[in-house]
Every structure is written in structure tokens, then in C-alpha cells.
Number of protein chains: 2
Amino acid sequence: MAVAERRERERIARREAILDAAQQLTAEVGYQALRMDAVADAAELSKGTLYLYFANKEALCAGVASRLIDELLPVLEKNLAKTSSGLDAVRQVLQTYFDFTREHPHHFRFAVSWLSSGERMDDSTEAFQLYRERVGHVLQHAVTAIERGQADGSVRLDVDPLPQALQLWSSMLGVILINLNKESVSQRLPMPVDLDQVVNLHIDAMARALARKELS
Amino acid sequence: MAVAERRERERIARREAILDAAQQLTAEVGYQALRMDAVADAAELSKGTLYLYFANKEALCAGVASRLIDELLPVLEKNLAKTSSGLDAVRQVLQTYFDFTREHPHHFRFAVSWLSSGERMDDSTEAFQLYRERVGHVLQHAVTAIERGQADGSVRLDVDPLPQALQLWSSMLGVILINLNKESVSQRLPMPVDLDQVVNLHIDAMARALARKELS
DNA sequence: GTGCCCTGATGACCGTTAGTCAGTGGCTGA
DNA sequence: TCAGCCACTGACTAACGGTCATCAGGGCAC
């Protein structure tokens, strides 16, 4: 049935068109302020049609987020290829992730709101399965970097790669969160602080904590 | 005018009564699911009245959050009094904050959603001013702990207390965020991970990164 | 070629909820 | 006694995510 195949192609293309519109709008206003009506308008479809392709707004956002994180993976792999040691690779994972969130702050906000939503967000939809898988890939690069460091002697042997990668990822999450809101955060501190510097301090601290040899 | 004074007392009492109702409900359902109608019902007032005391729902939530963080400060001060060194005090600040978020997960979620809201949340209301001030107090304890450690020789001298305290605070934020959602997070990892352990790993890593003497 | 049917699209409509505002009643001070 | 003020009220509005009865038109059987 050539018809069935064409239908399937058209379905995928329409889904992509919706994601195009949503991604464009998201980049402008963020996930929170994204309106389903606006997406429908931009995609030149009616609102009801959106719900034929995505279970709800969150699933649509997860679709956009999956696309974005797909951009991260090749960059991360390229940067990791240049590293000279496992410890250096650990730094590179953190730095690359940070740079990515600077380019796509809305994506990061979405991830945080997903993580902090508790039970509230129904993330059992297909779009979320994909998204979680991609996040898992990023995490895996951190695990691999630690293992590589243990093999080449740059990382302490008494750390367990997987839990430690989670520690790296989650602590980085908080640092980035603050950095994304540095204007409002720093404004109300007694003295001015350079919050970009805090990111570097964090990466340095992490490297020091994982380093096998004491680097002074 | 004794009347004016009584009016003022009554106004404060009513405000507190609203906060009582909101705090109770928040503990049950969280900030996100808190309904202004429900608060009005619980406080035995009409919804319109709530808006005479709080500019909007967020300001009301900030009022509840301020109350909660007020509970943290004395506990933190008590725990800090028991510490034997500055480095130990740093660990204690992190641990106490973590324990607090376990008791008041909703408060923490509110703080995160405030931080990740960007421009969206109008936090110029009086209730937020108070809340920010309290957060500043907690942060100050971290700064003081680092300074104490530098004075007693337990913390490296080449760290700048204020930025480093921000690094400690923000990284801890991320670790706690993951911990609060450990069920949903760990569920989708290739192998089971104890996310409570990640908190300990993080505190250990932070201590290692700040310690003056290499502790192997 | 004709007509039936299925699929995908539609948009008016619904429910929920934050926030508003014209109206009410009781206390105060003259 | 009564005018005026002020806290309070609750029906109302707007905004937005999500639904569903209905429609159009392309494909298939005959």
C-alpha cells in the first residue's frame, strides 16, 4: 500500500511542522508562556489538530526539548574528542553542558520544571520517553569520562562512576539555574558577585574533588 | 487613636490567619496546586479579601515561604554552634539545608520555581522582599563558615568566601532538586542508584574541594 | 463514473482558576 | 443620630488548556 506509506510520511512531516512552529515560538517566549493557540496559528492548523499529534502541551514541549538536546550530543562528542585526560573530559562535559544552556535557556528551564514538578506532570507520553533517553545519553558521557579518568590515572579510584556522574550532573544543574537568573539573584546580594565566575569555581571545585593527585 | 492601633493589630492578625490557612493547605497539596478559593474557604474569608492582603498568589506563597525559612535559621544556628571547625561548619550548613528541604519539599519547589521563572514572576512585592532577606541570611552563614575555616586552617586560603558560598548554595540546590524527585529520576536510569547517597557524595566532594590539607 | 466510507482536520465550546470591582454593612467620630 | 469610611463580599471576567460533534475530500469497491 503506497498510500499508507505516503500517509505515514505526511503524518511525520506535519508533526515536524508543528514542532518547527513550537520551537520557534519557544525560543521567543519560553515554554511557560507558549500558547497552544499561538502554535496552532503559526503552524497554520487548528488547535484541535495539535492534539492529534501531541497528547498535551507538555508532550509538545518535550518534543521540542528532545530536538534541542539532539543538538547538544554531537557538540559534546566533538569536544570530548579533543580532551587529553579523563579529568579533562569531566570538565569538558560540564563546560559544554553549561554553554549549551546559555544558548538554549528555555530548554533548561523546561528540564528544571519537569524535574521539580513531582507527580504533577504526566511524562509517560512517547515524546517524554524520547527526551529521557537523550538525557540518559548525556549522563552516560559523564560516566564514561570518569571511567576514562580512572583508567588513565587522572581521577581518584575510590569514586563510583555512576553515582558520581549523577552528583556532577545534579550539582551543575543548580549552578546553571542560578546563572540563568543571575540578574535577579545578584541584584539582591549585599555585594556584587560575578555569577559567571561561580560556574568556573564550581567546575574547578569538581575537578579538585575528583582529581587523583593533589593539584596544590 | 487607640482605634487605629487596634485596626493595625487586626490587620496583622488577619494576614497571619490567611498565612495559617495557606501554610496548612500548602503542606498538603503544594504551592502549584494551592487554590485561592481554597485558601479563602479555609480562612473563612471571601476570595476578594485575600487580595487586600496579598497582591497575588505568588506573593501569598512568598509569605508562606518566608515563614518556613524562618524555622530553618534557628536550627541552622544551633547546629553550627556544635561544629568543631570551619570546614565542619560548611558541611553542617549543607546538611542542615538538605534536611530542611526533606521536611518542607514544597517550600523548596517554590524556591526553585521562583529562581527558574525568569522575568515572569513579579517578585517586587513586599512579601518577596522579606523572603529574599531570609535567603540572604542563610547564605551569610555559608560565607561565615568559609571565613571561619580559613581562620582556623581547615579551609584553603585561595577561595573567595562569597562567590564560593554561592557555588556551594547553588550546587546544593541542584542536588536537592534531583533528590526530591528521586523516584521519577532513578526509575529511568539503566541501573538503580541510591540518590540519597548522591547528596552525601556531593557534600564530601565539596569538603574535599575546600579542604586545605589533602585528606587522601 | 458513482457513491460510500474513513481519516484527518476543524473551531466552537467547556471547565478551571487567577484576579476584579461595584456594591454592602457595620463601626466611628462628630 | 447619621454621614462617611473601610474592610469585606461574591458574582463576574479573561485567559487558557483541552474536547468533541461535525465536516471535507481522497481512496476504494463496484
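Being a predicted model, the structure only gives us computed values, none of them experimental.
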Between B:Gly48 and B:Arg7, which residue's closest nucleotide on DNA chain C lies nearer the 5′ terminus?
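Result of the comparison: B:Gly48.
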Quick one: is [N] close enough that its OP1 or OP2 comes under 4.0 Å of any side-chain N or O from [X]?
{"X": "A:Lys47", "N": "C:dG11", "result": "no"}
{"X": "B:Ser46", "N": "D:dT9", "result": "yes"}
{"X": "B:Arg6", "N": "C:dT28", "result": "yes"}
{"X": "A:Arg35", "N": "D:dG17", "result": "yes"}

Any ion pair linking [Y] and [X] (charged N to carboxylate O, less than 4.0 Å)?
{"X": "B:Arg6", "Y": "B:Glu10", "value": "yes"}
{"X": "B:Glu16", "Y": "B:Arg67", "value": "yes"}
{"X": "B:Asp20", "Y": "B:Arg14", "value": "no"}
{"X": "B:Lys182", "Y": "B:Asp194", "value": "no"}

Counting side-chain heavy atoms from CB outward, which of [options] is closest to [X]?
{"X": "B:Tyr51", "options": "D:dT9, C:dT20, D:dC6", "value": "C:dT20"}
{"X": "A:Leu45", "options": "D:dG17, C:dT10, D:dG10", "value": "C:dT10"}
{"X": "A:Thr49", "options": "D:dT9, C:dT10, C:dA18", "value": "C:dT10"}
{"X": "B:Lys57", "options": "C:dA9, C:dG19, D:dC8", "value": "C:dG19"}
{"X": "A:Tyr53", "options": "C:dA9, D:dG18, C:dG19", "value": "C:dA9"}

Rounded off to whole Å, could you give me the [atom1]-to-[atom2] distance for the [X] and [N] pair?
{"X": "B:Leu52", "N": "D:dG10", "atom1": "CG", "atom2": "C1'", "value": "13 Å"}
{"X": "B:Asp41", "N": "D:dT9", "atom1": "CG", "atom2": "P", "value": "11 Å"}
{"X": "A:Leu50", "N": "D:dT19", "atom1": "CG", "atom2": "C1'", "value": "13 Å"}
{"X": "A:Asp37", "N": "C:dT10", "atom1": "CG", "atom2": "P", "value": "13 Å"}
{"X": "A:Met36", "N": "C:dC13", "atom1": "CE", "atom2": "C1'", "value": "17 Å"}
{"X": "B:Glu10", "N": "C:dT28", "atom1": "CD", "atom2": "P", "value": "9 Å"}
{"X": "A:Gln32", "N": "C:dA18", "atom1": "CD", "atom2": "C1'", "value": "13 Å"}
{"X": "B:Glu44", "N": "D:dC8", "atom1": "CD", "atom2": "C1'", "value": "14 Å"}

For the residue pair A:Gln129 / A:Glu126, report whether a side-chain donor-acceptor contact shorter than 3.5 Å exists.
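Judged by distance alone, the side chains do not pair up.
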Polar contact flag, side-chain donor to acceptor under 3.5 angstrom, A:Glu77-A:His141:
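There is such a pair between these side chains.
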Assess whether salt bridge (charged side-chain N to carboxylate O under 4.0 Å, His left out) is satisfied between B:Lys82 and B:Asp88, documenting all intermediate values.
CA-CA 9 Å; B:Lys82 290 187 225 155; B:Asp88 194 23; over 6 Å; no
Indicate, with a heavy-atom threshold strictly under 4.0 Å, whether B:Leu34 touches base, sugar-phosphate, or nothing.
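Sugar-phosphate, backbone atoms only, no base.
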Using a heavy-atom cut-off of under 4.0 Å over every strand shown, decide if B:Arg11 touches base, sugar-phosphate, or nothing.
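Nothing: the residue B:Arg11, judged by heavy atoms under 4.0 Å, touches no strand.
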Chi angles and distances behind the ring pair (Phe, Tyr, Trp, His ring centres under 6.0 Å) call for B:Phe100, B:His107:
CA-CA 9 Å; B:Phe100 177 72; B:His107 169 263; 5.6 Å; yes
Can you pull out the residues from residues 12-25 of chain A that lie within a 4.0 Å heavy-atom distance of DNA chain D?
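Residues of residues 12-25 of chain A under 4.0 Å from DNA chain D: none.
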